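When reading the values below, keep in mind they use all heavy atoms of this one structure, side chains included, and skip hydrogens, waters and symmetry mates. Atoms within a ligand are numbered from 1 in the order they appear, just like the ligands themselves. Fair warning: this is a prediction, and the values are worked out from it, not measured in the lab.
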Amino acid sequence: MNPLKQKFFEKSSALKTEMRAYLKEKGDTIVDEVTLKQVFGGMRGVKSMIWETSQLDAVEGIRFRGYSIPELREKLPSRDGCQEPLPEGLFWLMLVGEIPTQEEVNWLCDDWEKRNKVPQHTYDLLDSMPEGTHPMTQLIAAITATQSESVFSKRYSEGMPKSDYWDATFEDAMNLIAKLPLIAAYIYRKSYHGGEHIAPDNSLDWAGNFAHMLGVSDHADFESLMRLYLTIHADHEGGNASAHTVHLVGSTLSDSYLSLAAGMCSLAGPLHGLANQEVIKFIFGMVEELGTTDLTKEQIGDYVKKTLDSGRVIPGYGHAVLRQPDPRFTAQKTFAKNYIKDDPYVNIVWQLFEVVPPILDSLGKVKNPWPNVDAHSGAILVHYGLKEYTYYTVLFGVSRALGVLSALCWSRALGFPLERPKSLTFEAIKTFVEENA
Ligand code: CMX
């Protein structure tokens, strides 16, 4: 058995035994009360699932297995000459709860390289899609088509016992993650560069190779950006829409491919991952209307208010859980400060950071006026030449696969059942309230 799989098996078997015993003893403990506001309001904050790979605090932001983003930047292995962490290291950490050694990360890098073959019919399907098909639609279709490779699906049809679900899910997760940069780069080159594809450079790491195959910049800093980007977007505990979708669909024993494709459908919504394209579109629109990138705060403020008055949201701001600036925003701001000097679009992102929160606060209804992860990414990508913003959510999706698929391995290893919450009609709610007044 490979070293990561062996470690995962040992850790998950131990936790499964511990959890079962714990539930037997404490299973009737009440952990939450649910109000009508939560029932009607998108289940905000209802404690109702187990997600081992990361946990979100409203003020502090995300912690992956207890480590904050600044700690990950310091502790995760990196590649020679690059200060940013390797996403392979984060995957290892999420899967087995330990910061890997450099050797372990090198092993994972090599293992993914061996698994990174994409079936021809996936490329043929992408080639058959009409010009202008949104890259997220292409990604979802391509992941679904690649499901023909699913080890879980094959073994299930052959009568796989429950005790082996974790193993087949592990194989699918590893295979799919290894293939995703090739699929995603293919979508990019096909959509914006006349189908001139760039062969992988297998001497590079997972993120570095992805940056190479995108072919937007031969600057080593772009590879560094991709390593950071693919690390910080990976996971945001289990209740966010893309993660929860993967969890829900996976609970039916749909394999990793179908579960991830479903999660990508969630990520493709403008209130979630698509916000990263909406942010730069918003900034481009503002620059076009005002005729300059040299904007005053008053001009930006007026444009923001006009957007709000027209009944739209300010993309990249607000969050369902966070109540402070998103540390993923701050990590990108730090990156931009270290690597980029005086870029007009980066400067606008920083001006928006000063202008937007007081305006959103003044509306009196926005619970979190601060920037989220999507507020910054576009301006940095534009700086390195990746200007085709309809592609941005695909980058988010490639990263998100690391978190949701490692979590899916845990779900199958811990034997979590089919998810099935209760819904009610409004009439039933009113009757319940009356009877319990
Ligand atoms: N601009 C304008 N209005 C906003 C707002 C924003 N950025 N954020 C919240 N509001 C509004 C909501 O639309 C809601 O208005 P109504 O009561 O009129 O419907 C009100 O403020 C209360 O919303 P909330 O409780 O503060 O926020 P929610 O938990 O309902 O929604 C989110 C969270 C992210 C959907 C929302 O802040 C938003 O629409 N932001 C802009 C889109 C965005 O950046 N999404 C990306 C999030 C990160 C990610 O998943 O990638």
Among Lys365, Arg323, Lys367, closest by heavy atom to atom 26 (O) of ligand 1 is Lys367

Glu149 versus Asn175: any side-chain heavy-atom pair under 4.5 Å? no

Should one rank Leu363, Val366, Val279 by closest heavy-atom distance to atom 5 (C) of ligand 1, which comes out on top? Val366

Interfacing atoms of ligand 1 (cut-off 4.0 Å, heavy-atom, Gly316): 43 (C), 44 (O)

Centroid separation under 6.0 Å, is that true for the rings of Tyr257 and Phe152? no

Strictly under 6.0 Å, is that where the ring centroids of His236 and His272 end up? no

Does some non-hydrogen atom of the protein lie less than 4.0 angstrom from atom 39 (O) of ligand 1? yes

Nearest neighbour in protein (non-hydrogen) for atom 45 (N) of ligand 1: Leu271 O, 2.9 Å

Do His197 and Tyr186 have their ring centres less than 6.0 Å from each other? yes

Please identify which atoms of ligand 1 are closer than 4.0 Å to at least one heavy atom of His319. 33 (C), 34 (C), 37 (O)

Pick, from Asp374, Asn372, Ile359, the option with the minimum heavy-atom distance to atom 49 (C) of ligand 1. Asp374

Could you check whether Tyr192 and Tyr188 have their ring centres less than 6.0 Å apart? yes

From OG (Ser153) to CD (Gln147), nearest 0.5 Å: 4.5 Å

Which of the ligand 1 atoms, numbered from 1, are nearer than 4.0 Å to a heavy atom of Leu308: 2 (C)

Only heavy atoms of Ala320, strictly under 4.0 Å: list the atoms of ligand 1 that pass. 29 (O), 33 (C)

Non-hydrogen side-chain atoms of Pro200 and Leu182 separated by less than 4.5 Å: yes

Contacting atoms of ligand 1, where contact means under 4.0 angstrom from a heavy atom of Phe396: 51 (O)

Atom 2 (C) of ligand 1 within contact range, any protein heavy atom under 4.0 Å: yes

Output yes when a protein non-hydrogen atom is found under 4.0 Å of atom 47 (C) of ligand 1, and no otherwise. yes

Of the listed options (Val356, Leu267, Ile314), which comes nearest to atom 6 (C) of ligand 1 when hydrogens are ignored and any heavy atom counts? Ile314

Could you list which atoms of ligand 1 come closer than 4.0 Å to a heavy atom of Ala275? 43 (C), 44 (O), 45 (N), 46 (C)

Anything under 30° is parallel, anything over 60° is perpendicular, the rest tilted; go ahead and classify Phe222 against Tyr384. tilted

Are any of the heavy atoms in Arg44 under 4.0 Å away from ligand 1? yes

Are Tyr229 and Phe335 an aromatic pair by the rule of ring centers under 6.0 Å? no

